[in-house]
Amino acid sequence: MIPFGIEHNPVDATPAIAVQRGDRTLSAAEVCAGIGGEPFNVRDIRRTVETMLAALGISKDTRAQLLSHGISGVQAAHYDRHAYTDEKRAALVAWEARLEAIRQAERTPSNVVRLGQRAVA
């Protein structure tokens with residue numbers, strides 16, 4: 001995996017992605033330019049993870065536990081005290097397997113460009 005971090009834009013405090021490459025930190029824009037991709041931000045990654053977890057059959061409740069602030073509503077606020085630890089772990093294991101499959105170029109969607117390679121037209 002490529003080490004990355006979340007930095008905040010000093011102008012408007014929006015989150016931005018930074019990738020560590022040796023002794024240099026690359027912005028998401030620099031990474032995209034290097035691979036010929038479109039610019040992206042943290043929300044794009046969150047949306048992609050949500051969508052791909054749904055495609056893996058992960059329940060909406062488990063996705064909410066992983067990506068949001070949990071399940072909302074009266075039932076969750078007052079009655080549901082379950083931590084969803086096992087469900088979250090299973091979802092993350094499935095997500096890791098999917099990412100590894102993409103990394104290994106198995107079932108790679110046509111719109112995925114591996115870092116360090118350019119898309120072939």
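The side chain to side chain contact (heavy atoms under 4.5 Å, CB included) test applied to Ser59 returns Asp61, Thr62, not counting sequence neighbours. Partners of Leu67 under the side chain to side chain contact (heavy atoms under 4.5 Å, CB included) rule, at least two apart in sequence or in another chain, are Arg46, Val49, Glu50, Leu53. Annotation: salt bridge (charged side-chain N to carboxylate O under 4.0 Å, His left out) contacts of Arg89 (sequence neighbours excluded): Asp86. Listed by chain and residue number, nothing satisfies the side chain to side chain contact (heavy atoms under 4.5 Å, CB included) test with Ser72 (two or more places apart in sequence, or in another chain).
Residues in residues 67-78 take part in no salt bridge (Lys or Arg N to Asp or Glu O under 4.0 Å) pair, two or more places apart or across chains.
Under the 4.5 Å side-chain heavy-atom criterion for grouping Ile, Leu, Val, Met, Phe, Trp and Tyr, Leu66 is not connected to Ile71 through any hydrophobic cluster. There is a path of hydrophobic side-chain contacts, each under 4.5 Å, that joins Ile45 to Leu56.
Nearest heavy-atom pair, His78 versus Arg81, reported as atom, atom and distance to 0.1 Å: O-NH2, 3.8 Å.
Residues Met52 and Arg98 have side chains in contact (heavy-atom distance under 4.5 Å, counting atoms from C-beta outward).
One distance of note links CD1 of Ile58 with CD of Gln65; it measures 13.0 Å at 0.5 Å rounding.
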